[in-house]
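Single-structure report; data block below.
Atom set for the values below is all heavy atoms of this structure, side chains included, hydrogens, waters and symmetry mates excluded. Bear in mind that the values here come from a model prediction, so they are computed numbers and not experimental data. Protein chains get the first letters and strands the later ones, always in sequence-line order, with residue 1 at the start of each.
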Number of protein chains: 2
Amino acid sequence: MSAFLLVDDDRTFARVLARSLARRGLEVRVAHDVEGGLAQADAHMAGAVIDLQLGNDSGLALVPQLRALSAAMRILMLTGYASIDTAVQAIKLGADNYLTKPATADAIVAALGCRATNAWAPVRAAPLPLGRVQSEHIRRVLADHGGSISGAARALKMHRRTLQRKLARFS
Amino acid sequence: MSAFLLVDDDRTFARVLARSLARRGLEVRVAHDVEGGLAQADAHMAGAVIDLQLGNDSGLALVPQLRALSAAMRILMLTGYASIDTAVQAIKLGADNYLTKPATADAIVAALGCRATNAWAPVRAAPLPLGRVQSEHIRRVLADHGGSISGAARALKMHRRTLQRKLARFS
DNA sequence: GGAAGGGCGCGGCATATTGCCGCATGCGAC
DNA sequence: GTCGCATGCGGCAATATGCCGCGCCCTTCC
């Protein structure tokens, strides 16, 4: 099978995932930022797995550039804290699919495979437990507020103390 | 301005929204199901606002058909309970944007206007309060389980009693 | 027809969580 | 130096959750 591109600033995650994908017969090239991803990208690559958050940069910037490089390349966006807005943006920019972390190598391979044009099958078959949805939303809002506890609590319409306790529980 | 299509099985919502859009100079044609939407659709229409849930049918079915009718038509999906999976599906099927209810006429007009090819601006600027995210997720999971309280509770990893109480609180 | 299994609504109780208050500290702006 | 805001945290009252158990209903199977 031809080469795949993996771009993720989490070096440990990238190394482990690359090894898992290699075990599945994939030839994986790893980069840790947008520039590195572009340097490694090749028009003959079958697919790319891009982390949405690359340090201070957005993996979204890579999508139209990879799409310009190869119309056939399958592009999968990966994110720790999923949101509809970024999912919509990613697909509009040319990504084929969108998956949330933690994602197993099998899930990634499956998501890369389904460049469906009429697929109604959901990206994720099982709905998330409520606790998980809560924690992911909280993390995203906190990130959107630059780590501000007070700001995130206001946006979430919850008490600051409660947010602190929930964050302590997540850790 | 040319005609717009509005497809929503909620007749009250459709009537009120159509009136608001008409006040903004839009010529709105209203339908309440997939068949009605197709019957009303016109290749010269500038845009369409489609509810994701049309009774027992999915508004998603309309997207590729409207896209086949007109490549230039702006298609906006509207849903009461947003999910990333359906957002990704909608965009992949050809929708231009994806908005959650309740949506004002202004938000709809704005969402229809931004057929951006490089837009990073989020569809919704303000994050949802946690309570709202909870209730929306619960409703979606319940819908996915065909209204089964026991099934949804298991999927959400919460007690059946708790789910009953929360649902009672939403009503 | 009866048994079995599962779904469902609900009251009640123990436990957990939340909202709020208040205290102390730190930081940036003026 | 003062002010305003952010932050961490303990403690308390109020609220929510998990669980149990009861009773009823529906479907399937024998």
Side-chain angles (χ1 to χ4, degrees), chain A residues 9-10 52-53 55-58 79-86 100-102 120-122 124-171, chain B residues 9-10 52-58 79-86 100-102 121-122 124-171:
Chain A
D9 62 338
D10 184 335
L52 188 65
Q53 195 64 43
N56 292 328
D57 292 326
S58 170
T79 179
Y81 313 124
S83 80
I84 290 165
D85 299 341
T86 51
T100 54
K101 291 178 172 176
W120 271 275
R124 189 191 311 113
L128 288 172
L130 194 63
R132 177 66 186 279
V133 166
Q134 268 203 35
S135 62
E136 290 190 358
H137 184 67
I138 285 172
R139 282 197 171 107
R140 177 186 165 233
V141 174
L142 191 56
D144 287 350
H145 282 76
S148 164
I149 300 288
S150 300
R154 276 193 291 273
L156 292 163
K157 287 185 169 36
M158 74 172 15
H159 200 273
R160 183 169 64 80
R161 189 71 188 97
T162 300
L163 180 53
Q164 281 165 336
R165 287 198 191 99
K166 282 183 186 286
L167 290 170
R169 242 178 281 136
F170 297 161
S171 306
Chain B
D9 63 337
D10 183 335
L52 188 66
Q53 194 66 40
L54 297 170
N56 291 327
D57 293 326
S58 170
T79 179
Y81 313 124
S83 80
I84 290 164
D85 298 340
T86 52
T100 54
K101 290 178 174 177
R124 190 193 309 112
L128 288 172
L130 194 64
R132 177 69 185 277
V133 166
Q134 267 205 33
S135 62
E136 289 190 358
H137 184 67
I138 285 172
R139 283 195 171 110
R140 176 188 164 233
V141 174
L142 191 56
D144 286 350
H145 283 76
S148 164
I149 300 288
S150 300
R154 278 192 292 272
L156 292 163
K157 286 185 167 39
M158 74 174 13
H159 200 271
R160 184 169 64 80
R161 189 73 189 94
T162 302
L163 180 53
Q164 281 166 337
R165 289 197 190 98
K166 283 183 186 283
L167 289 170
R169 239 178 282 133
F170 297 162
S171 306

Inset, instruction - Would you check if B:H159 and B:L163 make a side-chain contact, meaning some heavy-atom pair closer than 4.5 Å? - result: no

Inset, instruction - Please examine the side chains of B:L167 and B:L142, heavy atoms only from C-beta on, and report whether any two atoms are closer than 4.5 Å. - result: yes

Legend entry - Side-chain touch A:I149/A:R154, heavy atoms, less than 4.5 angstrom: no

Legend entry - Pairwise side-chain contact, B:V141 with A:L130, heavy-atom cut-off 4.5 Å (strictly under): no

Inset, instruction - Could you tell me, to 10°, how much the axis swings from one end of the helix from C:dG1-D:dC30 to C:dC30-D:dG1 to the other, five pairs per end? - result: 50°

Legend entry - Heavy-atom pair with the smallest gap, counting every atom of B:H145 and B:A155: CE1-CB, 3.6 Å

Inset, instruction - Quick one: pull up CD in A:Q164 and OG in A:S150 and give me the separation to the nearest 0.5 Å. - result: 8.0 Å

Inset, instruction - Can you see which heavy atom on B:K157 is nearest to which on A:P129, and at what distance? - result: CD-CG, 3.6 Å

Inset, instruction - Rounded off to whole Å, could you give me the CZ-to-P distance for the B:F170 and D:dA16 pair? - result: 12 Å

Inset, instruction - Assign a letter to each nucleotide of nucleotides 7-19 of chain C from its 5' end: B, base within under 4.0 Å of a protein heavy atom; S, sugar-phosphate only; -, no contact. - result: SBBBBB----SBB

Inset, instruction - Using side-chain contact (heavy atoms from CB on, under 4.5 Å) as the criterion, point out the one residue from A:Q134, A:R139, A:R132 that pairs with A:E136. - result: A:R132

